[in-house]
Amino acid sequence: MKKIKPLLALGLALLTIFAGLSFKPLTAHADSSDSSDASSSSNTNSTSNIPVVMIGSSLSASQQKETIQNLTAPLNGANYQVQKVTGADLVKYLNPSGDNFTTSSGVWSSAMIQKTAKGSGINVSILDFNGQNNITSITAEQYKNAGLTAGLQDVHIYVTSAVPIDGSGALAGVYASYAQNHRLNQKQVNVAQNEMETLNKISKDNKGKDGYSDAQLNKAVAGAKSEMAKQGQNISDSQIRDIVNNQIKINHLGNTINNNQKEQIINILNGVKDSGALKNGNFRQQASQLSDSLSGQAKKMWDKFNTPKSRSWFQKIIDDITNWIKSLI
């Protein structure tokens, strides 16, 4: 009987662990990809409500044609405008944050920016090109968070590339297009770039770790921005730190985000405050909408996982352990 007690304790411990796992949300990368039959449309004069395709200037003529067809397929024949993204756009919008592009730098990734209804927030779709997602580095969530910090409002951004590439050219194109009809604060753009590079690195460092996903990280950062916006420009550094700690906790990132990465996130959000973004009343609404949107995506992913089939798989493990314990008694 003395030998059975330790085995019984071990079995109960394993049972507790597996039972806990059965209620643990699992999330995954949520880069949206959408492969559609392309349809061409005529160009039109620039207005703030006409979708604008920002095409990479380094693409060949055939690649440009396919890219435009791919990006404009969601428009279902509606008018759009086409402009090119060049090295000069990379220099203007990305270099101030520390990048080292030149005016002769190549641009392959492309984007379409479409104005949407007030209150719809920032939405991003990464489109496959010939059945493949060629945006190799930046995720849909990272584009969204960067757009929020930079000051974008109520837009749907479509991104694609004819060749595998990180996707920074597309983002420069989005900034260039949006700035034609709206005022962009370069300080916010700089912070947005630093934010995206930092979150991208954190995700790469934690890739494959149990309980981590890029979606969770970006949801935590968006949630932090929303909480900061509620408190306004006078929010203190300690309050920002408390918000970050809470978001890491509620997004189940405590076991993967280390102290150095936490400090990087806090520095990013202090940068958001220092850029003046919190002074903009629209930032609060856009931040809240993005946070809710990412939370909804996370719930859908959990609902997709939390099926009778997955629950029965966990139940089988629990039953096996229970039966094993009974066999020892």
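Residues take their numbers from the sequence shown, with the count starting at 1.
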Engineer: Go through the structure and list residues passing side chain to side chain donor-acceptor pair (under 3.5 Å) with Gln264, not counting sequence neighbours.
Structural biologist: none
Engineer: Can you confirm whether Tyr175 sits close enough to Gln193 that some side-chain heavy atom of one is under 4.5 Å from a side-chain heavy atom of the other?
Structural biologist: yes
Engineer: Given Ile157 and Ser125, is the side chain to side chain contact (heavy atoms under 4.5 Å, CB included) satisfied, shown in steps?
Structural biologist: CA-CA 6 Å; Ile157 300 167; Ser125 297; over 6 Å; no
Engineer: Can you tell me how far CD1 of Ile265 sits from CD1 of Ile202, rounded to the nearest 0.5 angstrom?
Structural biologist: 4.5 Å
Engineer: Which pairs with one or both residues in residues 249-263 pass salt bridge (Lys or Arg N to Asp or Glu O under 4.0 Å), sequence neighbours excluded?
Structural biologist: Arg241-Glu263
Engineer: Mind checking side chain to side chain contact (heavy atoms under 4.5 Å, CB included) for Val107 and listing every partner two or more places apart, or none if nothing turns up?
Structural biologist: Ser57, Val85, Leu90
Engineer: Work out which heavy atom in Ser58 is nearest to a heavy atom in Gly106; give both atom names and the distance.
Structural biologist: OG-CA, 3.1 Å
Engineer: Measure across Gly147 and Ile122 and return the closest heavy-atom pair with its distance rounded to 0.1 Å.
Structural biologist: C-CD1, 3.6 Å
Engineer: Are any non-hydrogen side-chain atoms of Val221 and Gln247 less than 4.5 angstrom apart?
Structural biologist: no
Engineer: Phe129: which residues meet the ring pair (Phe, Tyr, Trp, His ring centres under 6.0 Å) condition with it, sequence neighbours left out?
Structural biologist: none
Engineer: Holding to salt bridge (charged side-chain N to carboxylate O under 4.0 Å, His left out), I want the full list of residues that pass it with Asp242, two or more places apart in sequence or in another chain.
Structural biologist: none
Engineer: What's the separation between atom NZ in Lys225 and atom CD1 in Ile268, rounded to the nearest 0.5 Å?
Structural biologist: 8.0 Å
Engineer: Side-chain contact test, heavy atoms from C-beta onward, threshold under 4.5 Å: evaluate it for Pro51 versus Leu75 and give yes or no.
Structural biologist: yes
Engineer: Check whether any side-chain heavy atom of Gln114 lies under 4.5 Å from a side-chain heavy atom of Pro74, and answer yes or no.
Structural biologist: no
Engineer: Between Ser120 (side chain) and Asp154 (backbone), is there a donor-acceptor pair under 3.5 Å?
Structural biologist: no
Engineer: Working to the nearest 0.5 angstrom, can you tell me the gap between Ser213 OG and Glu141 CD?
Structural biologist: 8.0 Å
Engineer: Checking side chain to side chain contact (heavy atoms under 4.5 Å, CB included) for the pair Leu199/Glu195: CA distance, chi angles, key distance, verdict?
Structural biologist: CA-CA 6 Å; Leu199 297 185; Glu195 171 188 321; 4.0 Å; yes
Engineer: As an exercise, state the distance from CD of Gln142 to CG of Leu171, rounded to the nearest 0.5 Å.
Structural biologist: 10.5 Å
Engineer: Between Ile250 and Leu269, is there a shared hydrophobic cluster once you connect ILVMFWY residues whose side-chain heavy atoms come closer than 4.5 Å?
Structural biologist: no
Engineer: What pairs with Asn190 under side chain to side chain donor-acceptor pair (under 3.5 Å), at least two apart in sequence or on another chain?
Structural biologist: Gln186
Engineer: Are side-chain heavy atoms of Gln231 and Gln239 found at a separation under 4.5 Å?
Structural biologist: yes
Engineer: Which heavy atom of Val91 sits nearest to which heavy atom of Phe101, and what is that distance?
Structural biologist: CG2-O, 3.5 Å
Engineer: For Asn49 and Lys115, what are the C-alpha separation, side-chain angles and deciding distance, and is it a side chain to side chain donor-acceptor pair (under 3.5 Å)?
Structural biologist: CA-CA 6 Å; Asn49 292 321; Lys115 188 67 178 174; over 6 Å; no
Engineer: For the residue pair Ser275 and Asn185, confirm or rule out a side-chain donor-acceptor distance under 3.5 Å.
Structural biologist: no
Engineer: Taking salt bridge (Lys or Arg N to Asp or Glu O under 4.0 Å) as the cut-off, I'd like each qualifying pair that reaches into residues 157-174, sequence neighbours left out, listed once.
Structural biologist: none
Engineer: Between the side chain of Ser161 and the main-chain N/O of Pro164, is any donor-acceptor distance below 3.5 Å?
Structural biologist: no
Engineer: Show the numbers, then the answer: is there a side chain to side chain contact (heavy atoms under 4.5 Å, CB included) between Ile138 and Met196?
Structural biologist: CA-CA 8 Å; Ile138 305 173; Met196 190 171 62; 3.6 Å; yes
Engineer: How close do Leu253 and Ala220 get, counting heavy atoms only, and between which atoms?
Structural biologist: CD1-CB, 4.1 Å
Engineer: Taking only residues two or more places apart in sequence or in another chain, which ones pass side chain to side chain donor-acceptor pair (under 3.5 Å) with Gln63?
Structural biologist: Ser60
Engineer: Which residues satisfy the side chain to side chain contact (heavy atoms under 4.5 Å, CB included) test with Asn194, sequence neighbours excluded?
Structural biologist: Ser97, Glu197
Engineer: If you look only at pairs with a residue in residues 81-103, which of them pass as a salt bridge (Lys or Arg N to Asp or Glu O under 4.0 Å), with sequence neighbours excluded?
Structural biologist: none
Engineer: Does the Tyr143 side chain pair with the main chain of Ala170, one donor and one acceptor, at a distance under 3.5 Å?
Structural biologist: no
Engineer: Would you say Ser291's side chain and Ser288's backbone share a donor-acceptor pair under 3.5 angstrom?
Structural biologist: no
Engineer: For the residue pair Lys201 and Gln261, establish whether any side-chain heavy-atom pair is separated by less than 4.5 Å.
Structural biologist: no
Engineer: Under 3.5 Å, is there a donor-acceptor pair between the Tyr212 and Ser203 side chains?
Structural biologist: yes
Engineer: Quick one: does Asn206's side chain have a donor or acceptor within less than 3.5 Å of a partner on Lys209's backbone?
Structural biologist: no
Engineer: Is there a side-chain contact between Thr103 and Thr86 in this structure, where contact means two heavy atoms from C-beta onward sitting under 4.5 Å apart?
Structural biologist: no
Engineer: Report yes or no: does Asn218 contribute a side-chain atom to a donor-acceptor pair with the main-chain N or O of Asp214 at less than 3.5 Å?
Structural biologist: yes
Engineer: Is the shortest side-chain heavy-atom distance between Ile126 and Thr160 below 4.5 Å?
Structural biologist: no
Engineer: Checking Asp128 against Gln132 for the side chain to side chain donor-acceptor pair (under 3.5 Å) test, could you report, in this order, the C-alpha distance in whole Å, the side-chain angles of both residues, the deciding distance, and whether it holds?
Structural biologist: CA-CA 5 Å; Asp128 285 355; Gln132 180 175 324; over 6 Å; no
Engineer: Tell me the closest heavy-atom pair linking Gln286 and Leu148, and the distance in Å.
Structural biologist: CB-CD1, 3.7 Å
Engineer: Please list, chain by chain and in numerical order, all residues satisfying side chain to side chain donor-acceptor pair (under 3.5 Å) with Gln153, sequence neighbours excluded.
Structural biologist: Asn282
Engineer: Return the minimal non-hydrogen interatomic distance between Tyr80 and Ile68, and the atom names on each side.
Structural biologist: OH-CG2, 3.5 Å
Engineer: Lys230: what forms a salt bridge (charged side-chain N to carboxylate O under 4.0 Å, His left out) with it, not counting sequence neighbours?
Structural biologist: Glu227
Engineer: Working to the nearest 0.5 Å, report the span between CD1 of Ile235 and CD1 of Ile240.
Structural biologist: 5.0 Å
Engineer: Determine whether Asp237 and Asn270 satisfy the following criterion, side chain to side chain contact (heavy atoms under 4.5 Å, CB included), listing intermediate values before the conclusion.
Structural biologist: CA-CA 7 Å; Asp237 292 351; Asn270 275 312; 3.1 Å; yes
Engineer: Could you measure the distance from the CD atom of Gln216 to the CG atom of Leu294? Nearest 0.5 Å is fine.
Structural biologist: 12.0 Å
